[in-house]
Amino acid sequence: MSPPKPRRYSVRSRVLVTGGAGFIGSHLCERLLQAGCDVLCVDNFFTGTKDNIAHLVGQPHFEVLRHDVTFPLYVEVDEIYNLACPAAPVHYQFDPVQTTKTSVHGAINMLGLAKRVKAKILQASTSEVYGDPQVHPQVESYWGHVNPIGLRSCYDEGKRCAETLFFDYHRQHKVRVKVARIFNTYGPRMHPNDGRVVSNFIVQALKGEPITIYGDGSQTRSFCYVDDMVDALVRLMGAPDDFTGPVNLGNPAECTIRALAEEVLRLTRSRSKIVRRKLPGDDPRQRQPDIALARKSLGWTPSTRLEAGLKKAIAYFRTQVESRP
Ligand SMILES: NC(=O)c1ccc[n+]([C@@H]2O[C@H](COP(=O)([O-])OP(=O)(O)OC[C@H]3O[C@@H](n4cnc5c(N)ncnc54)[C@H](O)[C@@H]3O)[C@@H](O)[C@H]2O)c1
C-alpha cells in the first residue's frame, strides 16, 4: 500500500474538531482551514481558551460552539476529530469523574453522531494506554500495563475504554474510525500552568524560578512538535478506510528529563537552578513510540528537531509570561 499524500480538499469538507480551543486542537483547526475545510470547533473551555482560536474567529469558514461532549450533539459534518479531554495530570485529576465521562460519554456521543451522519471519526488516544510499559519502545500490538485504580486511571482507563468503543462501533455499526495514540506533544499554546514537563521547564526558566525535576531526571520522554503531530492527524484521517489504527504518533527521539531541563536553560539563557522532588506514583520510567506503522502506512515521520521546536515554544511562553507576570 503506497502512503497517502497530504490532503487537498476540492469540495469543502465540513469538519468537527472537539477540543478545538485546546493546544493541539487550535493548531488542527488552523491547518484544516488552510486546507479549505469548513471547521466547527466545539469546546467547553475547561482547559482550552478563546485566545487560542482568537485569530481564527471571524474567518468565514470557522465556527465555534461552546458545548460539553458528555452531552449529545446534533450537527451535520463529514469528519470528526475527537480531541476533547484534558490532557495534563493537574487538569484531568481536578475532576476525575468528569475526565472519565469526557472520554467515555464523549466517545459514545461523537460515535453516535458519526454513525447518524455517516462521518469518519478520529480519536485522539494516548500513549498512556500503555501505562507503565514493560516493552520498549511501545508498539501498537502491546496491550499495556495500566493501574485501573490509581490517580492517573481516570485518564488512562477512560482513553482505553474510548478505544474499545471506537472499535465496537466500527465492527458493529461499520463506522469509519481512526485511532491515534498520541505521545508527548509540545509547542505554542500549551497551557502555561498545566504542569507538563516542557511548559513547566520553560515557564520556570523564563521566570528565573528553580526548575523542578521529579526523581533523578534519568527517566526519558520523547517530544513531538505540534506541527508534526497535526500533519500526522490529517494524514491519518485521509488514509484509506481499512486503515483504522491504532497507530502511534510521536517523535521517537528520546531525551532524559535532565537533558531537557539543561537544553531549556541553554535556549532561554536562564540562570535558574535545577532542583529535585520526589517522583509521583505511577510515573512511567520510559516513554518512546515505535512509529514504524505510521511511517509505512501514513508516509509520516516527524521532522522538527527538539531545539527548533523548543525555540518556537519559548517565544510563545515569553509573550505569556510577559503579559501575565
Ligand atoms: N498534548 C499531548 O502531549 C497529548 C498526548 C496524548 C494525547 N493527547 C490527547 O490529545 C487531545 C488534545 O490534547 P491537548 O494537549 O491539546 O489538551 P488541551 O487540554 O489543551 O485540549 C483539550 C481541549 O478539550 C476541551 N475539553 C475538555 N473536556 C471537554 C468536554 N467535556 N467537552 C468539550 N470540550 C472539552 C478543553 O477545554 C480543551 O480545549 C486530548 O484528547 C489528549 O488526551 C495529547
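None of the values given here were measured: they were computed from a predicted structure.
- Other residues, nucleotides and ligands contribute more than 12 heavy atoms inside 6.0 Å of the CZ atom of R266.
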Side chain to side chain contact (heavy atoms under 4.5 Å, CB included) assessment of L310 paired with Y186
CA-CA 8 Å; L310 282 177; Y186 72 99; 4.2 Å; yes
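- A donor-acceptor pair shorter than 3.5 Å can be found between the side chains of S125 and E163.
- Side-chain atoms of T49 and D51 form no donor-acceptor pair, as typed in the model, at a separation below 3.5 Å.
- No more than 12 heavy atoms of other residues, nucleotides or ligands shown are found within 6.0 angstrom of NE2 on H145.
- A donor-acceptor pair shorter than 3.5 Å cannot be found between the side chains of Q288 and S222.
- We find the CG-CZ distance between D38 and F62 to be 11.0 Å, quoted to the nearest 0.5 Å.
- Checking Q93 against H91 by side-chain atom types alone, no donor-acceptor pair falls below 3.5 Å.
- Using modelled atom types, one finds no donor on one side chain facing an acceptor on the other under 3.5 Å when comparing T256 with Q219.
- Atom CZ of F45 has more than 12 heavy atoms from other residues, nucleotides or ligands within 6.0 Å.
- A side-chain donor from one of S199 and D194 sits under 3.5 Å from a side-chain acceptor of the other.
- T212 and R277 form no side-chain donor-acceptor contact under 3.5 Å, judged by distance and modelled atom types alone.
- For the residue pair S26 and R189, a side-chain donor N or O sits within less than 3.5 Å of a side-chain acceptor on the partner.
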